[in-house]
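The structure appears right after this line, and notes come after that.
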Amino acid sequence: MRTRIKEIIEQGAVSAPCSFSGWVRSVRASKGVCFIVLNDGSTVDGIQVVAESTLPGFSSVCRIATGAALTVSGTLVASPAAGQQWELSADTVEIIGAADEQFPLQKKRHSFEFLRSIAHLRPRTNTFGAVFRLRSRIAQAIHRFFSEHNFLYVHTPIITASDCEGAGELFRVSTLDAAHPPLLQGHPDFSQDFFAQKAGLTVSGQLEGELFALAFGDIYTFGPTFRAENSNTPRHAAEFWMIEPEMAFASLADDADLAEMFIKYLCTFALAECAADMEFFDRHIENGLIERIGRVAEADFVRMDYGEAIERLQRSGASFAYPVEWGLDLQTEHERYITEQIVGGPTFVLNYPKDIKAFYMRQNDDGRTVAAMDLLVPKVGEIIGGSQREERLDRLEQRMAEMGIAGEPLWWYLDSRRWGSCPHAGFGLGFERLVMYLSGMENIRDVIPFPRTPRHCDF
Ligand code: 4AD
Ligand code: MG
């Protein structure tokens, strides 16, 4: 296998012959020397290649364009230049794939907005290199965390007939002829569709995850989820990834404890295992990021009832665009105020009014709240949503009836409350929101390789 720049730099094998393949970030020729910064995606800095005028084909090497793919062989030597430890003194420079001045990434700095319009090329920039390396490592760390805690990894379906969150945000999956569907009483007849019923892309793997928790104890899902909500915000995508653990014989308090341990583990992991990229974010994206993440890794997350959160927002004297009143949902501005101004760190808000939450949440004895929790963090707002589930069949059926949710299509879910039901709890962590939180990136479109948002699905 090819040697990666990161591996060689970490070994620091001085004066050893070596060879790298990568893409040119910049070329600078001056008085008989040519400096090429080559990046192979393994580190943010890449390596500086030094070509002397004695190199065969020196004049064409000086004309190599930014963006070209090269293989360079030579000797790794200590660099006299500031800001880098090693450089490669080249013996041969082979052009594998040429580029020209039309290559869009010529400047050092481009706006994120412009880079979104060239999502097929932006992985070749320093910022997106760092983002997608972090994203990859964090995905692996998530599996590692659950593996260390003996959670079963379950693949829940992507095509489903049930809208878990009940918000009606399902993308339809259908093979009916859209222009001329078979009709039944004037409406499309889905009994003639591929699945013989209405189907869509999943908004959450939770309901199926619960069934597995009631067999394996502790499980998690980690997969793509889809929401056809028309919200054009920096925190919403139509396609995003969610991590959903579910624990049998567990309460809301256990759920919050798991979430806290999980987030701290991932903060510690990012600082220890993605240090170079985290330093890059700290320098170029958010000053103080490393300190912020370090504090979270050590912090005790605050737990606050929804009722108290409402009171403290009302008492704050701050003015908000949306009203603050018991019974209304918290908007992002409120969530951020709680975690940024009132608490100054990650905060669980617990026990929300039942009327603003999903049917499956466990009803509290007060008759008006459910055992729900959201974890709010500075800058992002809600990063986790979860709850203890209603395990009592009669209470669940009664709540579904109140909310107008038909029991028949969810017969399999209700069955789980018929035989061997037990208290259980889980949560969903939005993977992109986590990557935003860890990197300081402020738009969800910039932490997902090819973002899907309203009116955007090109590549
Ligand atoms: O709060 P949500 O809707 O909860 C659920 O779906 C539950 N079934 C989870 C569970 O208990 N197993 O979504 C969970 C998280 C949110 O806190 C947020 O981080 C993320 O998913 N999320 C989104 N991320 C990006 N774009 C969107 N449109 C998102 N909607 C939710
Ligand atoms: Mg939520």
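Whatever order the structure lists them in is the order used to number ligands and atoms, beginning at 1.
What sits closest to atom 16 (C) of ligand 1 on the protein, heavy atoms only, is E382 OE2, 3.3 Å. Ranking the protein heavy atoms by distance from atom 3 (O) of ligand 1 puts R227 NH1, 2.8 Å first. Among all non-hydrogen protein atoms, the one lying nearest atom 5 (C) of ligand 1 is E165 OE2, 3.3 Å. When hydrogens are left out, the protein atom nearest atom 19 (O) of ligand 1 is I383 O, 2.8 Å; that is the closest non-hydrogen contact. Scanning the protein heavy atoms around atom 20 (C) of ligand 1, the nearest turns out to be G430 CA, 3.6 Å. Of the protein's non-hydrogen atoms, A237 N, 3.0 Å is the one closest to atom 26 (N) of ligand 1. Among all non-hydrogen protein atoms, the one lying nearest atom 11 (O) of ligand 1 is R389 NH2, 3.0 Å. Among all non-hydrogen protein atoms, the one lying nearest atom 18 (C) of ligand 1 is R433 NH1, 3.6 Å.
Counting atoms of ligand 1 from 1 in the listed order, those under 4.0 Å from a heavy atom of G385 are 1 (O), 9 (C), 10 (C), 11 (O), 17 (O). Near G386, with a cut-off below 4.0 Å to any heavy atom, the atoms of ligand 1 are 11 (O). Atom numbering of ligand 1 starts at 1 in the shown order; those under 4.0 Å from a heavy atom of R235 are 25 (C), 26 (N). Residue-ligand proximity, Y360 to ligand 1, at heavy-atom distances under 4.0 Å covers atoms 7 (C), 8 (N). Shown in contact with I444 at under 4.0 Å from a heavy atom are these atoms of ligand 1, numbered in order with element: 25 (C).
Considering both main-chain and side-chain atoms, H236 never comes within under 3.5 Å of ligand 1 through any nitrogen or oxygen pair. For a threshold of 3.5 Å applied to N or O pairs, the pair formed by S204 and ligand 1 contains at least one separation below that value.
Expressed to the nearest 0.5 Å, how far NE2 of H236 lies from CG of N230 amounts to 11.5 Å. For the atom pair R109 CZ and F114 CZ, the distance stands at 15.0 Å (nearest 0.5 Å). Atom-to-atom distance recorded for Q331:CD and R336:CZ is 14.0 Å, nearest 0.5 angstrom. Of the inter-residue distances, the one linking E291 atom CD with L271 atom CG reads 11.5 Å to the nearest 0.5 angstrom.
Within E382, the N, O or S atom at minimum distance from the Mg ion (ligand 2) carries the name OE2.
Of the charged side-chain nitrogens involved, none lies within less than 4.0 Å of a carboxylate oxygen, so that E10 and R4 do not count as a salt-bridged pair. Between R116 and D458, none of the side-chain N atoms (NZ, or NE/NH1/NH2) sits under 4.0 Å from a carboxylate O, so this pair counts as no salt bridge.
The aromatic rings of F320 and Y337 sit perpendicular to each other, their planes meeting at more than 60°, with 30° as the lower class boundary. Ring geometry for F450 against F459 counts as perpendicular: the plane angle is over 60°, on a 0 to 90° scale with 30° as the lower cut. Note: W241 and F222 have perpendicular aromatic rings, judged against thresholds of 30 and 60 degrees for the angle between ring planes.
Taking 4.5 Å as the limit, every side-chain heavy atom of I96 sits out of range of all side-chain heavy atoms of S21.
Tested against H149, the residues F145, Y153, F146 include a single ring pair (Phe, Tyr, Trp, His ring centres under 6.0 Å) partner, F145.
Only backbone heavy atoms of F427 (N, CA, C or O) come within less than 4.0 Å of ligand 1; its side chain stays farther off. At a heavy-atom distance under 4.0 Å, no atom of D374 approaches ligand 1.
Contact annotation: E210 has no heavy atom less than 4.0 Å from any atom of ligand 1.
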Evaluate the criterion ring-ring contact (aromatic ring centres under 6.0 Å, His included) for residue pair F431 and F240; output intermediate values, then yes/no. CA-CA 7 Å; F431 185 48; F240 62 100; over 10 Å; no

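Taking only non-hydrogen atoms, the option from F226, Y220, F240 nearest to atom 24 (N) of ligand 1 is F240.
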